[in-house]
Amino acid sequence: MAEQGTFEGYGGRHVPEPLEEPLAELAGAFDQLKNDEAFQREFESLLEHFGGRPTPVFHAETLSERYDTEIYFKHEDLLHGGAHKLNNTLGQALLAKRAGKERLIAETGAGQHGTATAMVGALLDMDTTVYMGRHDMGRQEMNVFRMRLMGADVEPVERGNEGLAEAVDAAMEDLIERTDETHYLVGSAVGPDPFPRMVRHFQSVIGREAREQVQELHGDLPDACVACVGGGSNAIGLFHAFKDDDVAFYGAEPAGKGLNSGQHSAPLSATEREDPEVFQGMRTRVIDDGTENHSVSAGLDYPAVGPEHAALQELGRAEYHGITDEEALAAFRELSEAEGIIPALEPSHAIALACKLAEADRHDTLLVNLCGRGDKDMRTAAEQFDLS
Amino acid sequence: MSGGTGESRIPAAFESEPAFVPYLAAGDPTFEASLAYVEALERAGADVIELGLPFSEPIAEGPTIQQAVVRSLDGGMTVERYFEFVAALDVDVPLVCMTYYNLIYQYGDEEGPEPFVERAAAEGIDGFVVPDLPAEEAGPLRAACDAHGRDLVSIVAPTTRDDRLQRLVDLSSGYLYVQARLGVTGARASVSDRTTESLARVAETGTDLPRAVGFGISSFEQARDVIAAGADGAIVGSALVDIVAEGHAEDRPPEETAAELEALGRELKEGALAAAEPEASQAD
């Protein structure tokens, strides 16, 4: 396993032997291509012309006044597809294509990552299969339609809880069976090496742009960066460019019905602190056995967290706080009313945390990653706020 | 049961004739039925038995084994129950605990794998297979196995590169688990060329460890063919677990399922032996 595949002892490559070599090859291809100028140019060109980068940074005046804190949003919801996911799927698909793979597979929970994979599959003319739990397919029908419209095969996974974890298993099995022609496009900064550092690499465009843009608008760096954390790819993508700056990092984890409710997906901010575990190929922190994996946001209900976040917390470089379903829904509504932006429920967690930090007067300037738009959450909103 | 002290009995199990190495998930679907199933496999002629300790998040196990894991966990299997299970088994063949890194490293109060290995050894486990343990992190478990006279079995795959292969061979004791084909566990139709190739590559390392081939073996012919291809043992999991699954689904009496397991077990053992008989038949 590559030494750079661990973060303070977290991460690593804990996979069955048949996956070891394909992942070592992938790590080799990544190490080579990340410094390849032609590859980087192609990636950046597609991000610009296909994806719509750079996405703007927006100064939220109403919220800034209300909380007496300068609040800036990185508008990743304006990226093609409506979320930050494309940065990663485009980067990995280009890499896979260079490595001679003809076929993309992905797991998806809510369907956002599956959709972003279907987009690049169509763009780059690669066969695409997305594994999705049967239960999730029922809940996220629109995304199933989107994926199929773009030519992806959506494979229902009918085992266990028919959710994201089972979809990951099914994708792993596919990868083992058809490793020669297949790239498994992992959707967050999780899993065995090289995925956490590779996903960070492709997502770090978020922070690189934002760092420049905030300085242009504000004349200085922000005091803190705030992002939601499920697996943690949008957060690590924002944080990475600021890692050597005097800028604080805050991750908003989904506290579900409360950190003491036994129903959340917040391993780093949980009150019951477990020892690190090996989970889905990486050593990281996982919610304890007695806790049911739950969040109002389908994109955050992951029982573990990307290994680099576990390391950043241990180093004291980043803080992680739980935001409940209720707090996230309130922030979802507040941003919609105050700024005319409907955020996804995922970044609503980050917005809620930013408002709390502002109320506690911890910082003067906050940069929040608005990592996705809220169209997909309209049904939840309609039920919650009686919009019919 | 008769294990518990002294050295691992695994090396002796491969000495005289081609070995039949069945796998079952302990406690699938219940503690009592599972005891009877494991004992049936000994009667069938098992030389070593791989006994799965279920983990709730196995990685890259096929649906057959995953469902066995679910049944076993639903039946109340825990690490503690597993040790009780091993102690309660009335079998005389060496037992290999097949499980995952988390369960081994998180057992007991001390850090590391030592408490698990010590307890397992005391209950009669002879060796361990840990699919998600990277060779790079296997040092502490290897040391604990050495300290307690147990074996640590490495898995090698058709994709394993030569430098890693040597490392895995050096790490391993008891036997080497050679994956017959690329893929997750599950019964398949025929023995692939890659099996022959993998066995040849292992032989080139100069190791004298027995080589047991697993993944996809479900019949007399396949057991015979892997031995003919140069293996010292045939590992069979999914085909046996399928019988347990079916018995459970159809609500058959455990004795009936045990008899079926024994019958398939005999067929597989005979297949393994058939290849070793008169030189002639299986040269290619």
Side-chain angles (χ1 to χ4, degrees), chain A residues 1-3 5-6 9 11-26 28 157-161 164-166 168-182 184 191-193 274-289 293 302-304, chain B residues 55-67 69-70 73-74 78 100-107 109 111 129-138 153-165 167-168 172 176-186 188 194 198 214-215:
Chain A
M1 153 179 34
E3 278 161 40
T6 59
R13 190 183 296 150
H14 293 261
V15 295
E17 186 57 27
L19 281 176
E20 177 60 43
E21 186 52 32
L23 291 176
E25 266 174 34
L26 178 62
V157 179
E158 294 166 330
R159 64 173 90 152
N161 294 324
L164 180 60
E166 289 79 13
V168 170
D169 280 338
M172 289 269 191
E173 288 162 30
D174 181 315
L175 178 63
I176 292 178
E177 296 281 345
R178 299 180 63 182
T179 185
D180 289 345
E181 76 262 30
T182 303
Y184 178 13
D193 183 70
E274 298 288 305
D275 287 334
E277 282 183 34
V278 169
F279 180 83
Q280 291 183 340
M282 59 182 161
R283 183 202 298 274
T284 188
R285 297 214 171 258
V286 186
I287 57 173
D288 69 286
D289 287 344
N293 183 34
Y302 184 64
Chain B
F55 173 51
S56 54
E57 298 285 346
I59 190 169
E61 290 280 16
T64 306
I65 303 293
Q66 278 189 3
Q67 280 150 22
V69 163
V70 169
L73 291 171
D74 286 349
T78 60
Y100 284 79
Y101 186 99
N102 272 341
L103 295 181
I104 292 183
Y105 278 70
Q106 296 194 338
Y107 180 80
D109 296 331
E111 286 220 354
V129 185
V130 189
D132 65 341
L133 175 72
E136 293 78 358
E137 293 185 33
V153 174
S154 295
I155 299 175
V156 301
T159 48
T160 304
R161 261 197 334 244
D162 286 346
D163 54 337
R164 276 188 66 80
L165 179 63
R167 192 168 190 169
L168 290 166
S172 196
L176 271 174
Y177 188 140
V178 180
Q179 285 196 357
R181 59 174 183 89
L182 283 177
V184 292
T185 51
R188 289 297 158 116
R194 294 187 92 160
S198 291
F215 275 43

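The basis for the numbers below is simple: all heavy atoms, side chains too, and nothing from hydrogens, waters or symmetry mates. Proteins get letters first, then strands, A, B, ... in listed order; numbering begins at 1 in each.
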Where does A:R283 contact chain B at under 4.5 Å (heavy atoms): side chain, backbone, both or neither? side chain

Salt bridge or not between A:E20 and B:R164? Use side-chain N to carboxylate O under 4.0 Å. yes

Would you mind checking which part of B:Y105 comes under 4.5 Å of any heavy atom in chain A, side chain (CB onward), backbone (N, CA, C, O), both or neither? neither

Without swapping roles, check the side chain of B:D132 against the backbone of B:Y101 for a donor-acceptor pair under 3.5 Å. yes

Would you say A:R13's side chain and A:P192's backbone share a donor-acceptor pair under 3.5 angstrom? no

Modelled atom types, side-chain donor and acceptor of B:T160 and A:E17, under 3.5 Å: yes

What part of B:V130 gets within 4.5 angstrom of chain A, counting heavy atoms only: side chain, backbone, both, or neither? neither

